[in-house]
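Every number for a ligand or one of its atoms is a count from 1 in the order of the listing. No hydrogens, no waters, no symmetry mates; every other heavy atom, side chains included, goes into these values. This is a predicted model, so every value here is computed, not measured.
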Amino acid sequence: MATFIVLLGPPGAGKGTQAQIISRSMNLPHISTGDLFRENIKNLTELGKEAQTYMNQGQLVPDSLTISMVKERLSRSDCVNGALLDGFPRTSAQAEAFDRMLLETFKSKVDCVPCIEVEADHLIERLCGRWMCPNGHVFHTKFNPPKESGVCDICGSALYQRDDDKIQTVSRRIAVYEAQTAPLIQYYENQNVLYRIDGSQEIDSVSADILDVLKKFAKK
Ligand code: ADP
Ligand code: AMP
């Protein structure tokens with residue numbers, strides 16, 4: 001049976017950072033809808049052009065575009081044993097569509113939702129100091145600096161700051177999370193799959209807490 005894990009939490013909570021560690025340890029592909037949109041923007045696809053307008057404004061990309069992109073990604077062969085979702089679902093419509101997708105395609109369901117909790121003040125500091133590489137590896141000037149300034153430790157690419165990590169857009173993204181994504185906490189609580197994780201700890205302690213929750217889903 002395939003295993004599907006959803007990392008939930010506000011922008012800057014550490015979903016991408018944790019997903020990199022956990023996907024390796026669980027041997028599941030890391031699917032970040034933000035990374036998929038950024039890849040489409042870089043490749044100048046129609047989807048990328050459409051998504052960019054919303055992303056620059058700190059708004060969510062429409063559900064229909066996001067859901068079909070995830071459906072296509074999940075149809076690839078690396079997802080036969082499941083996946084670790086980061087940044088999806090972000091609305092009730094996406095969560096319901098995802099449940100249907102898993103049932104129809106995999107005869108499966110969402111197994112576990114670690115929800116990474118961090119206070120809003122800290123989120124702003126995290127997002128404004130974030131540097132990342134085109135392959136989605138994440139750093140922070142203060143909390144997780146690369147060994148060599150401006151260079152990714154993992155793949156050697158040049159690091160950049162995201163356009164939507166500017167202070168004005170960051171505040172809007174946090175408000176959008178509260179309005180449209182936070183209701184999913186209750187949605188997954190109702191399914192008995194939600195686990196609250198203290199995201200204010202050091203990166204390694206957050207990983208340890210998430211892996212502890214995920215132990216029972218690890219493939220032998
Ligand atoms: P998200 O994917 O949830 O938006 P990221 O994983 O990109 O969040 O993390 C946002 C920023 O905070 C990054 O610069 C990252 O290096 C940093 N970060 C992640 N986890 C922690 C942590 N536990 N403590 C301090 N900084 C963190
Ligand atoms: P992230 O990399 O997760 O911070 O996402 C960056 C931006 O991509 C978000 O602010 C949205 O504009 C867009 N995005 C990512 N995932 C989704 C999603 N599931 N639904 C709608 N928009 C998304």
Side-chain angles (χ1 to χ4, degrees), residues 6-23 30-41 47-48 50-71 73 84-98 114-134 136-146 152-154 159-166 169-177 179-181 184 197-210:
V6 170
L7 281 184
L8 198 60
K15 300 182 297 297
T17 302
Q18 295 302 329
Q20 273 166 31
I21 299 166
I22 289 155
S23 71
H30 168 200
I31 299 180
S32 154
T33 40
D35 285 350
L36 292 175
F37 285 131
R38 281 184 287 277
E39 204 177 298
N40 274 278
I41 291 171
L47 173 62
E50 197 153 352
Q52 189 163 32
T53 326
Y54 297 96
M55 291 170 76
N56 286 346
Q57 293 170 3
Q59 302 291 351
L60 295 184
V61 178
D63 286 336
S64 56
L65 294 178
T66 307
I67 291 165
S68 42
M69 179 177 76
V70 170
K71 207 167 190 171
R73 178 65 188 86
L84 172 63
L85 282 297
D86 154 16
F88 179 90
R90 258 176 156 103
T91 64
S92 303
Q94 290 180 17
E96 286 160 14
F98 188 44
C115 177
I116 308 177
E117 299 182 314
V118 176
E119 275 178 38
D121 289 355
H122 294 143
L123 297 176
I124 293 172
E125 192 184 6
R126 285 190 185 185
L127 292 169
C128 292
R130 170 161 67 185
W131 285 74
M132 58 188 289
C133 84
H137 304 130
V138 191
F139 299 88
H140 192 282
T141 45
K142 185 166 148 193
F143 303 128
N144 185 23
C152 178
D153 287 356
I154 300 163
L159 300 178
Y160 71 98
Q161 272 191 301
R162 279 169 45 176
D163 282 343
D164 61 350
D165 278 348
K166 294 194 188 85
T169 323
V170 159
S171 314
R172 183 145 347 112
R173 285 163 58 211
I174 294 171
V176 165
Y177 170 82
Q180 300 195 54
T181 309
L184 297 188
I197 304 289
D198 176 4
S200 68
Q201 310 172 83
E202 305 246 315
I203 292 174
D204 288 350
S205 307
V206 178
S207 310
D209 283 2
I210 298 177

Best match, [options]: closest heavy atom to [atom]:
atom                    : options                : value
atom 13 (C) of ligand 1 : D86, V206, V138        : V138
atom 1 (P) of ligand 2  : Q52, Q94, M69, R90     : R90
atom 22 (C) of ligand 1 : R162, E125, M132, R126 : R126

Any N/O pair [X]/ligand 2 closer than 3.5 Å:
X   : result
D35 : no
Q59 : yes
T33 : yes
L60 : no

Location of contacts on Q18 toward ligand 1, heavy atoms closer than 4.0 Å
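Neither part.
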If we set the cut-off at 4.0 Å for heavy atoms, which region of S32 has an atom near ligand 1: side chain, backbone, both, or neither?
neither
What protein heavy atom lies closest to [atom]? Include the residue and the distance to one decimal.
atom                    : answer
atom 22 (N) of ligand 2 : V61 N, 3.0 Å
atom 4 (O) of ligand 2  : R162 NH2, 2.9 Å
atom 8 (O) of ligand 2  : M55 CE, 3.4 Å
atom 26 (N) of ligand 1 : F143 CB, 3.3 Å
atom 2 (O) of ligand 1  : G16 N, 2.8 Å
atom 8 (O) of ligand 1  : G14 N, 3.2 Å
atom 14 (O) of ligand 1 : F139 O, 2.7 Å
atom 6 (O) of ligand 1  : T17 OG1, 2.6 Å
atom 7 (O) of ligand 1  : R130 NH1, 2.6 Å

For [X], is the nearest heavy atom under 4.0 Å from an atom of ligand 1?
X    : value
Q201 : yes
P10  : yes
G12  : yes

Side chain to side chain, [X] and [Y], heavy atoms closer than 4.5 Å:
X    : Y    : answer
F88  : L36  : no
P145 : W131 : no
T66  : T91  : no

As an exercise, identify every atom of ligand 2 less than 4.0 angstrom from a heavy atom of [X].
X    : result
T66  : 18 (C), 19 (N), 20 (N), 21 (C)
R173 : 4 (O), 10 (O)
F37  : 13 (C), 14 (N), 15 (C), 17 (C), 23 (C)
R38  : 2 (O), 6 (C)

With sequence neighbours left out, what residues match R90 under salt bridge (Lys or Arg N to Asp or Glu O under 4.0 Å)?
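Partners of R90 under the salt bridge (Lys or Arg N to Asp or Glu O under 4.0 Å) test: none.
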Those atoms of ligand 1 less than 4.0 Å from some heavy atom in [X]:
X    : answer
H140 : 14 (O), 16 (O)
E202 : 23 (N)
K15  : 1 (P), 2 (O), 3 (O), 4 (O), 6 (O), 8 (O)

Go through I197 and C115 one step at a time and tell me if the side-chain contact (heavy atoms from CB on, under 4.5 Å) criterion holds.
CA-CA 6 Å; I197 304 289; C115 177; over 6 Å; no
Below 4.0 angstrom, N of the basic side chain to O of the carboxylate: do D164 and R130 qualify?
no
N/O donor-acceptor pair under 3.5 Å between Q20 side chain and G136 backbone
yes
Expected output: side-chain Q161 to main-chain C128 donor-acceptor under 3.5 Å
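Checked: pair present.
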For the student: nearest non-hydrogen atoms of [X] and [Y], plus distance:
X    : Y    : answer
Q57  : R172 : O-NH1, 2.6 Å
S207 : I21  : OG-CD1, 3.4 Å
L159 : P146 : CD1-CG, 3.6 Å
R126 : S200 : NH2-CA, 3.9 Å
P11  : L127 : O-CD1, 3.6 Å
V206 : Q201 : CG2-O, 3.6 Å

Which one of D86, L84, L85, L8 satisfies the side-chain contact (heavy atoms from CB on, under 4.5 Å) criterion with K15?
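Of all the options given, the one that passes is D86.
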Side-chain polar contacts of residues 116-125 - donor-acceptor pairs under 3.5 angstrom, sequence neighbours left out - could you list them?
unit_1: E117; atom_1: OE2; unit_2: R196; atom_2: NH1; d: 2.6
unit_1: E125; atom_1: OE2; unit_2: K142; atom_2: NZ; d: 2.8

What do we get for R172 next to ligand 2 when only non-hydrogen atoms under 4.0 Å count, side chain, backbone, both or neither?
neither
Checking R38 against D163 for the salt bridge (charged side-chain N to carboxylate O under 4.0 Å, His left out) test, could you report, in this order, the C-alpha distance in whole Å, the side-chain angles of both residues, the deciding distance, and whether it holds?
CA-CA 11 Å; R38 281 184 287 277; D163 282 343; over 6 Å; no
